[in-house]
2 protein chains.
Amino acid sequence: MTQHKTKETYSIGELAKEFDITPRSIRFYEEQDLLSPERTGQTRIYCNKDRVRLKLILRGKRLGFSLAEIKNLFELYDSNPNSMLQLETMLQMTEQKRAILRQQLDDIQMLMAELDEVENRCRDELAELQKGN
Amino acid sequence: MTQHKTKETYSIGELAKEFDITPRSIRFYEEQDLLSPERTGQTRIYCNKDRVRLKLILRGKRLGFSLAEIKNLFELYDSNPNSMLQLETMLQMTEQKRAILRQQLDDIQMLMAELDEVENRCRDELAELQKGN
DNA sequence: GTAAAGATTAACGTTAACGTTAGGGTTAGG
DNA sequence: CCTAACCCTAACGTTAACGTTAATCTTTAC
């Protein structure tokens, strides 16, 4: 149970470096209500929860979600809803996201197959060239 | 071998409707050198090859590629290069794309897992509510 | 104590990917 | 003949997601 390497707090610069983005981006995400770090005076202090959030934001972006959609997912995840209506709305939303993800999986497989083709053509031609030597 | 349903040519409006985008978008892709349909007078005439290209553009977009990157992939696919340098550059590029796709696959799996969690929490709470009735 | 490194707000600039509007040409139907 | 449904070019407008610049404030190193 050695609490290893999980620092308690981070500066904006540290997070920026860790995730290879600019401080400006991190501040922008806060402007859009995706983060809300503590402060000491003016300076922002990020805790582990903030860091995880940031990681999720970046993952969402890589998947082509807009910041607005990511915020949406956060609210969905954070809310501890009580009405059946809310719960069912939530299930609908997760199903929507899931459909998009499935589509992306299909797309990726097709694209990978096409890359294979290109690569094979390449390797064949390279082999031809080397025979010529 | 019944040549079924593969029409020979398409108008811009037909393609727009089929892929659920606007004619403006299709013209824009042409501006960016991603398409180059024939013309009769001013009017654009799209053949099957053009239609396939358009499909590929949209797939790329769903995967978060920019139009510039998609154009890049097209050139990569279309070119029939002869120098070893070109061939090796090409292999490097396909490997880059592949890395991005692998990252996306990881991202998707993690996100799916998180969606599962949310859904389970939802279903549990729904069950609780229904017991109360 | 002072200089460099990193923090802040505020505000204007930029790029991609179209949307929108204006103005005009062509063909099919009633 | 004329109107509706298409097509076209040209050009300006829009949105998201930051980049950039300026002007200032703190903190850390020597």
Side-chain angles (χ1 to χ4, degrees), chain A residues 7-47 50-51 53-75 97 100 104 107, chain B residues 7-47 50-51 53-75 97 100 104 107:
Chain A
K7 237 181 98 177
E8 268 308 303
T9 65
Y10 311 83
S11 77
I12 195 169
E14 286 170 338
L15 287 185
K17 193 166 291 183
E18 175 175 358
F19 293 111
D20 197 32
I21 56 182
T22 67
R24 170 67 169 119
S25 298
I26 300 181
R27 289 194 196 100
F28 184 75
Y29 299 150
E30 181 176 348
E31 248 178 75
Q32 306 299 308
D33 296 321
L34 292 171
L35 293 172
S36 46
E38 299 292 312
R39 304 250 180 162
T40 45
Q42 279 200 315
T43 306
R44 276 163 258 251
I45 308 286
Y46 299 86
C47 66
D50 293 324
R51 186 171 157 280
R53 277 233 165 190
L54 181 52
K55 198 185 286 192
L56 289 175
I57 293 173
L58 298 178
R59 178 183 305 160
K61 286 204 57 190
R62 282 194 303 267
L63 290 173
F65 291 106
S66 72
L67 295 185
E69 286 174 314
I70 295 172
K71 183 182 170 189
N72 217 313
L73 276 171
F74 280 169
E75 285 167 358
K97 297 292 173 191
I100 294 176
Q104 286 195 17
D107 288 340
Chain B
K7 233 182 102 178
E8 269 308 303
T9 66
Y10 311 84
S11 76
I12 196 170
E14 285 170 339
L15 287 184
K17 193 166 288 182
E18 174 175 359
F19 294 110
D20 197 30
I21 56 183
T22 67
R24 171 65 172 124
S25 298
I26 300 182
R27 290 194 197 102
F28 184 74
Y29 300 150
E30 181 175 348
E31 250 179 76
Q32 306 299 306
D33 296 320
L34 292 171
L35 292 172
S36 47
E38 299 292 313
R39 302 249 181 164
T40 43
Q42 278 200 317
T43 306
R44 276 163 259 251
I45 308 286
Y46 299 86
C47 67
D50 294 322
R51 185 171 157 278
R53 277 234 165 190
L54 182 52
K55 199 186 283 190
L56 288 174
I57 293 172
L58 299 178
R59 178 186 303 160
K61 287 204 56 188
R62 283 193 301 266
L63 289 172
F65 291 106
S66 72
L67 295 185
E69 287 174 313
I70 294 172
K71 183 184 170 187
N72 217 312
L73 277 171
F74 280 170
E75 284 166 0
K97 297 291 172 192
I100 294 176
Q104 286 195 17
D107 287 341

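Chain letters run A, B, ... following the sequence lines, proteins first, then strands; residues in each count from 1.
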Can you tell me how far apart CD1 (B:I45) and OG1 (B:T9) are? Round to the nearest 0.5 Å.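 If I round to the nearest 0.5 Å, the distance is 6.0 Å.
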Does atom CD (A:E38) have a neighbourhood of more than 12 heavy atoms from anything else shown, all under 6.0 Å?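 Not more than 12 within 6.0 Å, no.
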Protein proximity profile, nucleotides 6-21 of chain D - base contact B, sugar-phosphate-only contact S, no contact -, cut-off 4.0 Å on heavy atoms: -SSB-B-----BBBB-
Closest heavy-atom contact between B:D50 and B:P37?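 Scanning both residues completely, I find the closest heavy atoms to be OD2-CA, 3.8 Å.
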Can you give me every donor-acceptor pair (side chain of residues 25-36 of chain B, partner residue at least two apart or in another chain, under 3.5 Å) with its distance?
unit_1: B:S25; atom_1: OG; unit_2: B:T22; atom_2: OG1; d: 3.2
unit_1: B:E30; atom_1: OE1; unit_2: B:R44; atom_2: NH1; d: 2.8
unit_1: B:E30; atom_1: OE2; unit_2: B:R39; atom_2: NH2; d: 3.3

Under 3.5 Å, which donor-acceptor pairs do the side chains of residues 53-71 of chain A form with other protein atoms, sequence neighbours left out?
unit_1: A:R53; atom_1: NH2; unit_2: A:D78; atom_2: OD1; d: 3.2
unit_1: A:R53; atom_1: NH2; unit_2: A:D78; atom_2: OD2; d: 2.1
unit_1: A:R59; atom_1: NH1; unit_2: B:E114; atom_2: OE2; d: 2.8
unit_1: A:R62; atom_1: NE; unit_2: B:D107; atom_2: OD2; d: 2.5
unit_1: A:R62; atom_1: NH2; unit_2: B:D107; atom_2: OD1; d: 2.8
unit_1: A:R62; atom_1: NH2; unit_2: B:D107; atom_2: OD2; d: 3.4
unit_1: A:S66; atom_1: OG; unit_2: A:A68; atom_2: N; d: 3.4
unit_1: A:S66; atom_1: OG; unit_2: A:E69; atom_2: N; d: 3.1
unit_1: A:E69; atom_1: OE1; unit_2: A:S66; atom_2: N; d: 2.9

